[in-house]
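A short worksheet on the structure shown next.
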Amino acid sequence: MLSGFLNKLMGSASVPVIEHDELVRARQERSCVIIDVREPHEFKSGHIPGAINHPLSQFDPARLAQGKSVVLICQAGGRSAKALRSALAAGRQDVCHYAGGMSGWRARGGQVT
């Protein structure tokens, strides 16, 4: 499901973004890895259950999970967009970001650990 969505986006000129409902489904299906690029103290204050912390200050696209689609998230979308550009420049095509960030996730009632 998520890979089809990413394939559709990669064929367009737009930045690969995942919408809230699609992220919820992908989490339920365990079809993606969620990478939170906020700093550790932000991550500890609340994150999507199962998310992995890879702070933007130390972000290396080579460290991203292989074999599953990757969804990047931050607080409001700016840092995850920057990490996304870095991943795309490194040749990754299975990466997108959740533009609403944790602020949007919480506002939509998303679960936080």
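Residues: numbered from 1 along the sequence shown.
Taking the side chain as every heavy atom from C-beta outward, I48 and D36 never approach each other to under 4.5 Å. S31 places none of its side-chain heavy atoms less than 4.5 Å from the side chain of S69. Side chains of P16 and L88 form a contact here, defined as non-hydrogen atoms less than 4.5 Å apart. Considering only heavy atoms from C-beta on, R92 comes within 4.5 Å of Q66 through its side chain. At a threshold of 4.5 Å between non-hydrogen side-chain atoms, the residues I34 and L23 count as touching.
With rounding to the nearest 0.5 Å, the separation of CD in E19 from SG in C96 is 10.0 Å. Between atom CG of residue L56 and atom OG of residue S80 there is a gap of 9.0 Å, rounded to the nearest 0.5 Å. The line from CD of E39 to NZ of K44 is 11.5 Å long, rounded to the nearest 0.5 Å. Interatomic distance, CD1 of I73 versus CG of L84, reported as 13.0 Å (0.5 Å rounding). One finds the CZ atom of R27 at 15.0 Å from the CD atom of E22 (value rounded to the nearest 0.5 Å).
Applying the ring pair (Phe, Tyr, Trp, His ring centres under 6.0 Å) criterion to F43, with sequence neighbours excluded, gives H47. E42 meets the side chain to side chain donor-acceptor pair (under 3.5 Å) test with R79; sequence neighbours excluded. Every residue meeting the salt bridge (Lys or Arg N to Asp or Glu O under 4.0 Å) condition with R108, not counting sequence neighbours, appears here in chain and number order: D21.
Contact detail for C74 and G78: the closest heavy-atom pair is SG-N, 3.6 Å.
Between Y98 and W105, the ring planes lie perpendicular to each other; the angle is over 60°, past the 30° to 60° tilted range.
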Exercise. Using the side chain to side chain contact (heavy atoms under 4.5 Å, CB included) rule, take L64 and H54 through it: C-alpha gap first, then chi angles, then the decisive distance, then the call.
Key: CA-CA 9 Å; L64 293 176; H54 286 185; 4.2 Å; yes
Practice problem: Please report the C-alpha distance between I52 and V33 in whole Å, then the side-chain angles of each, then the deciding distance to 0.1 Å, and finally whether the side chain to side chain contact (heavy atoms under 4.5 Å, CB included) criterion is met. | Solution: CA-CA 8 Å; I52 299 167; V33 176; 3.8 Å; yes
Exercise. Using the side chain to side chain contact (heavy atoms under 4.5 Å, CB included) rule, take H97 and R85 through it: C-alpha gap first, then chi angles, then the decisive distance, then the call.
Key: CA-CA 10 Å; H97 86 122; R85 287 190 297 274; over 6 Å; no
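No more than 12 heavy atoms of other residues, nucleotides or ligands sit less than 6.0 Å from atom NZ of K82.
Between the N53 side chain and the R38 main chain, a donor and an acceptor come within less than 3.5 Å of each other.
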